[in-house]
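Scroll down for the structure; my scribbles are underneath it.
What you are looking at is a predicted structure, and each value in this text was computed from that prediction instead of being measured.
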Amino acid sequence: MFIRENELQEKIKTLAARINDEYQGKEVIFIAILNGAFMFAADLLKSITLPCEISFVKVSSYHGGMSTTGRVDELIGLNASIENKEVIILEDIVDTGITIDKIITLLKAESPASVKVCTLLYKPDAFKGKKAPELVGMSIPNKFVVGYGLDYDEKGRNLREIYQLKED
Ligand code: 5GP
């Protein structure tokens, strides 16, 4: 599998247009999950026309290699108040959904007006979470991918396209 730069950018513009439309007249706070979502967040926000804030947070959930541990201890770096605000979580990829479920639970404890998940990539065949992400750039097969913020042992985040890692 391979996703070209222009295809990614088109999907991101479509997501931004949907958000601009659905949240018209509202104030949004985007919570981008580091490290993976940094590039997606930067490109998406360029096409958002709503009054908005963005905060980058880190979760201790994933420790490299090709498997997911699903461990999330805490959200680090959320210094903005999200009370009564419309929250949109920005994720690079939702795989089993374990990480995002835990992030949602942590954020809901801060009494936001609403919480939705916007993810660039989604693996429906791997998903075991409570609720599928509301805003999805692209659904992909259950394969390990790298590039456009996504890493393999911290490498490859700088790539402009998305590549499937060879399994051998
Ligand atoms: P989940 O908890 O949904 O199974 O996985 C969440 C995290 O696992 C993602 O935020 C990402 O860091 C990592 N992950 C899951 N699938 C992939 C993948 O295909 N490629 C990379 N690089 N990371 C992945």
Side-chain angles (χ1 to χ4, degrees), residues 1-20 22 30-48 54-78 87-107 115-168:
M1 192 197 21
F2 171 70
I3 311 169
R4 286 177 194 288
E5 184 180 10
N6 59 4
E7 191 177 354
L8 281 175
Q9 295 301 332
E10 263 174 41
K11 302 287 183 194
I12 292 166
K13 287 206 175 83
T14 305
L15 274 177
R18 242 187 95 182
I19 293 169
N20 289 334
E22 283 181 22
F30 291 95
I31 311 273
I33 312 301
L34 291 173
N35 292 327
F38 78 99
M39 219 180 252
F40 172 46
D43 282 341
L44 182 89
L45 267 280
K46 289 178 210 166
S47 298
I48 295 293
I54 183 159
S55 184
F56 289 85
V57 304
K58 192 143 186 157
V59 290
S60 44
S61 64
Y62 190 66
H63 302 281
M66 285 179 75
S67 68
T68 306
T69 65
R71 264 187 285 144
V72 177
D73 305 315
E74 55 175 340
L75 283 180
I76 302 157
L78 183 67
V87 172
I88 301 179
I89 304 168
L90 300 180
E91 255 290 29
D92 49 357
I93 190 161
V94 173
D95 184 14
T96 64
I98 292 168
T99 310
I100 204 70
D101 269 0
K102 288 182 182 171
I103 294 169
I104 292 170
T105 305
L106 289 167
L107 289 173
V115 179
K116 279 194 185 172
V117 176
C118 175
T119 185
L120 178 62
L121 303 176
Y122 173 46
K123 295 183 187 171
D125 296 341
F127 188 72
K128 297 186 184 73
K130 290 188 202 117
K131 193 155 64 87
E134 291 87 354
L135 298 149
V136 173
M138 288 178 85
S139 289
I140 63 164
N142 194 5
K143 303 284 182 194
F144 193 86
V145 291
V146 180
Y148 197 76
L150 290 149
D151 73 308
Y152 176 60
D153 282 345
E154 295 304 325
K155 302 278 185 348
R157 295 193 195 273
N158 54 314
L159 300 167
R160 291 167 170 263
E161 313 82 9
I162 287 181
Y163 298 83
Q164 183 185 328
L165 213 66
K166 250 171 115 176
E167 294 166 359
D168 60 20

Q | With T14 via side-chain contact (heavy atoms from CB on, under 4.5 Å) - residues at least two apart | A | none
Q. Do L120 and L8 come close enough that some side-chain heavy atom pair is under 4.5 Å?
A. yes
Q. With a 4.5 Å limit on heavy-atom distance, are the side chains of E161 and F2 in contact?
A. yes
Q: List for me each residue that meets side-chain contact (heavy atoms from CB on, under 4.5 Å) alongside F56, sequence neighbours excluded, and say none if there are none.
A: A32, L34, A41, I54
Q. With sequence neighbours left out, what residues match K46 under salt bridge (Lys or Arg N to Asp or Glu O under 4.0 Å)?
A. D43
Q.
Run C118 and I19 through side-chain contact (heavy atoms from CB on, under 4.5 Å) and show every step you take.
A. CA-CA 9 Å; C118 175; I19 293 169; 4.1 Å; yes
Q | Verdict with reasoning, L165 to V145, per side-chain contact (heavy atoms from CB on, under 4.5 Å) | A | CA-CA 6 Å; L165 213 66; V145 291; over 6 Å; no
Q | Set of residues satisfying side-chain hydrogen bond (donor to acceptor under 3.5 Å, both in side chains) with respect to E7, sequence neighbours excluded | A | none
Q: Over all heavy atoms of both residues, which pair between G77 and V57 is shortest? Give the atoms and the distance, please.
A: C-CG1, 4.1 Å
Q. What pairs with N142 under side-chain hydrogen bond (donor to acceptor under 3.5 Å, both in side chains), at least two apart in sequence or on another chain?
A. none
Q) Considering only heavy atoms from C-beta outward, does the side chain of N35 approach that of E154 to under 4.5 Å? A) yes
(Q) Tell me the closest heavy-atom pair linking L150 and D92, and the distance in Å. (A) CD2-OD2, 3.2 Å
Q. Which residues satisfy the salt bridge (Lys or Arg N to Asp or Glu O under 4.0 Å) test with R4, sequence neighbours excluded?
A. none
**Q.** Contact summary for G97 and F127, nearest pair of heavy atoms
**A.** CA-CE1, 3.7 Å
Q) ring pair (Phe, Tyr, Trp, His ring centres under 6.0 Å) with F30: which residues, sequence neighbours excluded? A) none
Q: Applying side-chain hydrogen bond (donor to acceptor under 3.5 Å, both in side chains), name anything that partners E22, two or more places apart in sequence or on another chain.
A: R18
(Q) Would you compute the distance between atom CG of L75 and atom CD1 of I31 and round it to the nearest 0.5 angstrom? (A) 8.0 Å
Q) How far apart are the closest heavy atoms of P124 and I140, and which atoms are they? A) CD-O, 3.6 Å
**Q.** Side-chain heavy atoms of I89 within contact of I104, under 4.5 Å
**A.** yes
Q | side-chain contact (heavy atoms from CB on, under 4.5 Å) partners of K13, counting only residues at least two apart | A | S47
Q.
If you compare all heavy atoms of G147 against all heavy atoms of I162, which two are closest, and at what distance to 0.1 Å?
A. O-CG1, 3.8 Å
Q. Are any non-hydrogen side-chain atoms of N20 and I48 less than 4.5 angstrom apart?
A. yes
Q: Could you check I33 against L90 for side-chain contact (heavy atoms from CB on, under 4.5 Å), going step by step and ending with a plain yes or no?
A: CA-CA 6 Å; I33 312 301; L90 300 180; over 6 Å; no
Q: Output the distance between atom CD1 (I93) and atom OH (Y148), rounded to the nearest 0.5 Å.
A: 13.5 Å
Q) Which side chain to side chain donor-acceptor pair (under 3.5 Å) pairs, counting each pair once, include a residue from residues 120-132, with sequence neighbours left out? A) K131-E134
Q: Go through the structure and list residues passing side-chain contact (heavy atoms from CB on, under 4.5 Å) with R160, not counting sequence neighbours.
A: E5
(Q) Run the side-chain contact (heavy atoms from CB on, under 4.5 Å) test on V59 and I76 for me, step by step, so that the C-alpha distance in whole Å, both residues' side-chain angles and the decisive distance to 0.1 Å come before the verdict. (A) CA-CA 6 Å; V59 290; I76 302 157; over 6 Å; no
**Q.** Over all atoms of both residues, closest heavy-atom pair of A16 and L44
**A.** N-CD1, 3.8 Å
